[in-house]
Each structure stands twice: as structure tokens, then as C-alpha cells.
Amino acid sequence: MGFFKKKKKETNLLAFATGEVVALKDVKDQMFSAGLMGPGIAIESEDGKICSPVDGTVTMLFPTKHALGLKSEDGQELLLHIGIDTVGLKGEGFTAFVQDGQKVSAGDALIEADLAFIRSKGLETAAILCVTEPKEPELTFTTAQHVTAGKDEIAAIKLK
């Protein structure tokens, strides 16, 4: 029945890439740095491998494979975006391992980006995660400088 089931008090987001953490305000794109896409965090990936920060569902894989939407099991809507102005690459340099509607677990491979190729085009490679429609007001992001994909917690969302 579940009447007495305890409700989770916090959602934890795991690192979606291995690399150096970048504060969202330091991302070189005003839409992200000003928080217009929602609160978030960026990681300068060491290997271009992007994984799921949560258990949930892929809500939209952009045709250019540079970004995707996720919805966590508790309803948090997330946007993962790889690089700045990478939409212009029209998918070149990106390999997607998921599709729309696919269920994923935290740590599952989502996309791999060819970082050398992206840099050769003069583009930034930081991967950005935004909570696009925060359902809860209290988000806390890591202060760590380096994180490991699928292992380190990068954010906590306090639930009511």
C-alpha cells in the first residue's frame, strides 16, 4: 500500500563527467552563466564521456547530440549540454548511447564527445548540467575541484 512509506528527503546528483568542476557563473555562455537555463554546474571533462547523474528517463536527445533532457525518478527536470556553440557542429564529434524515452540509471553512458575535434573548431568543451525546472528551492552544489563520473555527488536537492 505504501501509506507509511518514508518519502525521500533529498535527491543527489552524481558527477556526469570526470574532470574539473566549473562554477556555472564562469561558463562562457551568458544563457548558462546568468542562470537563465536554471541553477547548475559545469565540468571540464577529461575524456568526453558523459553519464547520467540520476536514475530517470531521457526526455529529449537533441538531433545534434550535443545536449539532452532528463527527468529524474522524483520529477526533477535536467538539461545536460556539452560545450558552447556546439549545436553548429550538427552532431559531428558526438556519439549518443541513448534515445528519447529510454530509462537510465545514475552512471549510465549517455553521450561521448570528441573533445579534440570540438577544440579544433575553436569551441569550448565544458559540459553543463542545469536543473531546468527546480521543484524544490534548496539546491546545494559541490565545492570539490575535481570529480569522478558516476561516483562523486555534485549536487543535493532538498525535498519537502
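One is the number of the first residue; the rest follow in order along the sequence. If you're wondering where the values come from, they're calculated on a predicted model, not measured in any experiment.
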Separation between CG (L80) and OG1 (T132), nearest 0.5 Å, reads 10.5 Å

Taking every heavy atom of I128 against every heavy atom of A42, the minimum-distance pair comes out as CG1-CB, 4.0 Å

Rounded to the nearest 0.5 angstrom, the OG1-CD distance for T86 and E92 is 12.5 Å

Determine, using the 4.5 Å side-chain heavy-atom cutoff (strictly less than), whether L139 and L129 are members of one ILVMFWY cluster. yes

Side chain to side chain donor-acceptor pair (under 3.5 Å) pairs touching residues 139-155, sequence neighbours excluded, are E46-H146

Nearest heavy-atom approach of G38 to C130 is O-SG, 3.8 Å

Distance col, row K49:NZ vs L115:CG, nearest 0.5 angstrom, shows 11.0 Å

**Report entry** Joint cluster assignment, V98 & I82, ILVMFWY side-chain distance < 4.5 Å
**Finding:** yes

- Query: Is there a path from F62 to V58 through hydrophobic residues (I, L, V, M, F, W, Y) whose side chains come within less than 4.5 Å of each other?
  - Reply: no

When rounded to the nearest 0.5 Å, the distance separating CD of Q99 from CE of M60 is 15.0 Å

Side chain to side chain contact (heavy atoms under 4.5 Å, CB included) between I50 and L68: does it pass, once the steps are laid out? CA-CA 11 Å; I50 307 300; L68 58 77; over 6 Å; no

With sequence neighbours left out, the residues meeting side-chain hydrogen bond (donor to acceptor under 3.5 Å, both in side chains) with S72 are D74

Here the gap from E124 atom CD to I118 atom CD1, rounded to the nearest 0.5 Å, amounts to 11.0 Å

Ring pair (Phe, Tyr, Trp, His ring centres under 6.0 Å) pairs touching residues 102-126, sequence neighbours excluded, are none

*Spell out, yes or no, whether L78 and V21 are grouped together once hydrophobic residues are joined by side-chain heavy atoms under 4.5 Å, including indirect joins.*
yes

Correct closest heavy-atom pair for L13 and V54 would be CD2-CG1, 3.1 Å

So the side chain to side chain donor-acceptor pair (under 3.5 Å) pairs with at least one residue in residues 23-44 (sequence neighbours excluded) are E44-T125

Here the pair of heavy atoms bringing G107 nearest to C51 is O-CB, 3.5 Å

Please walk me through it: do F94 and T64 pass side chain to side chain contact (heavy atoms under 4.5 Å, CB included)? CA-CA 8 Å; F94 297 96; T64 52; over 6 Å; no

Open item on the list: Pair K121, L89 - check side chain to side chain contact (heavy atoms under 4.5 Å, CB included), show working.
Closed with: CA-CA 9 Å; K121 300 298 182 184; L89 298 175; 3.8 Å; yes

**Study point:** S45 side chain to G19 backbone, donor-acceptor under 3.5 Å
**Key:** no

Scanning both residues in full, the closest heavy-atom pair of L24 with G40 reads CD2-N, 3.4 Å

Here the gap from T95 atom OG1 to E112 atom CD, rounded to the nearest 0.5 Å, amounts to 6.5 Å

Side-chain heavy atoms under 4.5 angstrom apart, residues restricted to Ile, Leu, Val, Met, Phe, Trp, Tyr: same cluster for I111 and I154?
-> yes

Q: Please step through side chain to side chain contact (heavy atoms under 4.5 Å, CB included) for the pair L110 and L70, ending with a clear verdict.
A: CA-CA 10 Å; L110 300 174; L70 292 169; 4.2 Å; yes

By side-chain hydrogen bond (donor to acceptor under 3.5 Å, both in side chains), H81 pairs with (sequence neighbours left out) H66

Note: V104 and S52 closest approach over all heavy atoms is CG2-OG, 3.5 Å

Sorted by chain and number, sequence neighbours left out, side-chain hydrogen bond (donor to acceptor under 3.5 Å, both in side chains) with E73 holds for none

